[in-house]
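First up is the structure itself, then whatever we jot down about it.
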There are 2 protein chains.
Amino acid sequence: MSVTPQRMAIYRALLEAEDHPSPDTLYRRIHRKMPSLSLATVYKTLDALCALGLVQEASVGSETKRYDANLERHHHLVCTECGGIMDFYDRALDAVAPPRRLSGFVAQGISIQVVGRCAECARTRS
Amino acid sequence: MSVTPQRMAIYRALLEAEDHPSPDTLYRRIHRKMPSLSLATVYKTLDALCALGLVQEASVGSETKRYDANLERHHHLVCTECGGIMDFYDRALDAVAPPRRLSGFVAQGISIQVVGRCAECARTRS
DNA sequence: GTAGTTGCAAATCTTTTGCGCGACA
DNA sequence: TGTCGCGCAAAAGATTTGCAACTAC
């Protein structure tokens with residue numbers, strides 16, 4: 001993949017950012033310095049950088065909201081292939097607690113997802 | 001909050017579902033049995049059920065995608081108030097590993113978010 | 001020239017909102 | 001009659017796609 005001023009600017013803005021910006025936020029930030037930049041380029045570039053492994057999506061999860069009526073303590077298996085989410089139970093993970101010192105952040109809970117490929121996708125696709 | 005056939009149907013469909021459906025998926029499922037149901041009602045009802053604590057969003061995170069160029073092993077503090085995401089580092093959490101037996105699911109990694117209120121929001125708002 | 005990249009505009013999808021209607025106390 | 005919840009349609013956002021122009025080899 002070739003290095004272009006746009007891609008450079010996007011990657012550098014992301015390296016400098018402390019706040020895990022959304023594509024739109026990133027776009028507005030860079031647009032000040034580089035007014036010709038388009039939002040579509042930001043989206044395309046972020047996809048490419050993700051594919052290269054240079055950046056990551058900050059939150060695991062699906063594109064769209066998903067709901068759960070299971071209120072027991074449990075964790076989620078998230079399939080990167082099909083986007084499926086499965087519940088699972090694990091005593092060891094239940095015991096994981098937020099650290100005590102978080103410099104002002106008041107923890108209310110902790111959420112754990114195991115990311116990988118579900119049985120179906122692991123079997124079917126290479 | 002009053003109990004209506006629509007709300008009943010949505011809540012029950014969610015209790016029966018194993019797959020953490022999206023609002024749209026849920027709508028299509030229930031719509032077969034209750035053709036008058038509208039998607040807007042599904043959205044409104046899911047919001048209400050969330051507020052009551054009867055259901056949860058399956059994935060922590062913001063409405064929109066957020067990116068991160070920090071590839072070091074780290075975890076996220078997610079503020080429920082302002083939606084902010086902050087990095088933090090914690091050896092104990094680094095050591096948390098996916099369980100071995102996951103009935104066919106092939107784990108590739110584990111993602112941990114501490115949910116709560118950031119210093120700013122904890123101070124400012126009640 | 002060719003391949004790859006950009007910006008624009010349109011299209012698509014998801015989610016939210018405004019509003020009139022009907023149910024029910 | 002007043003309140004609440006519903007469905008519909010429009011609106012608002014977020015993301016993707018098609019395409020013509022441009023650049024760098």
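Each chain gets a letter, A, B and so on, in the order the sequences are listed, and its residues count up from 1. What you see is a predicted model, and the numbers here were worked out from it, not measured in a lab.
You'll find that the side chain of B/K44 is closest to C/dG18, out of C/dT5, D/dG5, C/dG18. When each of D/dG7, C/dG7, D/dG5 is scored by its nearest atom to the side-chain atoms of B/Q6, the top-ranked nucleotide is D/dG7. Comparing C/dT14, D/dC6, D/dG7 by their nearest atom to the side chain of A/T64 picks out C/dT14. Comparing D/dC6, C/dT15, C/dG7 against the side chain of A/L37 picks out C/dG7 as the nearest.
OP1 or OP2 of D/dG7 lies within a sub-4.0 Å distance of a side-chain N or O belonging to B/S36. Remark: A/S22 is not in phosphate contact with D/dA14, judged by side-chain N or O atoms under 4.0 Å from OP1 or OP2. A sub-4.0 Å separation between OP1 or OP2 of D/dG7 and a side-chain N or O of B/T41 is present. Here B/S2 reaches the OP1 or OP2 of D/dG5: one of its side-chain N or O atoms lies under 4.0 Å away. Put simply, B/Y43 has no side-chain N or O that comes within less than 4.0 Å of OP1 or OP2 on C/dT16. Side-chain nitrogen and oxygen atoms of A/T4 include none within less than 4.0 Å of the OP1 or OP2 phosphate oxygen of C/dT5.
A/E63 comes within 4.0 angstrom of no nucleic acid atom, judged by non-hydrogen atoms across all strands. Within the 4.0 angstrom heavy-atom criterion, only backbone atoms of the sugar-phosphate kind lie near A/K65; the bases stay farther away.
Nucleotide D/dT15 holds its P atom 8 Å from the CG atom of A/D24, rounded to whole Å. Counting to the nearest Å, the C1' atom of D/dG5 and the CG atom of B/D47 are 15 Å from each other. Here C/dT14 presents its C1' atom at 13 Å from CD of B/E57, a figure rounded to the nearest Å. In this structure, A/L46 places its CG atom 12 Å from P of C/dT6, rounding to the nearest Å. We find that CG of B/L39 is positioned 11 Å from C1' of C/dT16, with the value rounded to whole Å. Distance A/L26 CG to D/dA14 C1': 15 Å, rounded to the nearest Å. Atoms CD1 (B/I30) and C1' (D/dC6) sit 14 Å apart, rounded to a whole Å. As rounded to whole Å, 15 Å separates atom C1' of D/dT15 from atom OH of A/Y27.
Counting all heavy atoms, side chain and backbone alike, A/Y67 lies closest to B/D47 at OH-OD1, 4.2 Å. Considering every non-hydrogen atom in both B/R66 and B/G83, the closest pair reads NH1-O, 3.4 Å.
Side-chain atoms of A/R7 come within 3.5 Å of backbone N or O of A/S2 as a donor-acceptor pair. B/H74 contributes a side-chain N or O that, together with a main-chain N or O of B/E72, makes up a donor-acceptor pair within less than 3.5 Å. A donor-acceptor pair under 3.5 Å is absent between the side-chain atoms of A/T41 and the main chain of A/L37, judged by distance alone. Of the possible donor and acceptor atoms, none in the side chain of B/H20 sits under 3.5 Å from a partner among the backbone N and O of B/A58.
The local environment of CZ in A/R73 is crowded, with over 12 non-hydrogen atoms from other residues, nucleotides or ligands closer than 6.0 Å. Within 6.0 Å of CE on A/M34 lie more than 12 heavy atoms contributed by other residues, nucleotides or ligands.
Looking at which nucleotide of DNA chain D each of B/P35 and B/M1 is closest to, the 5′-most match is held by B/M1.
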What nitrogen or oxygen pairs link the protein and nucleotides 21-25 of chain D at under 3.5 Å?
none

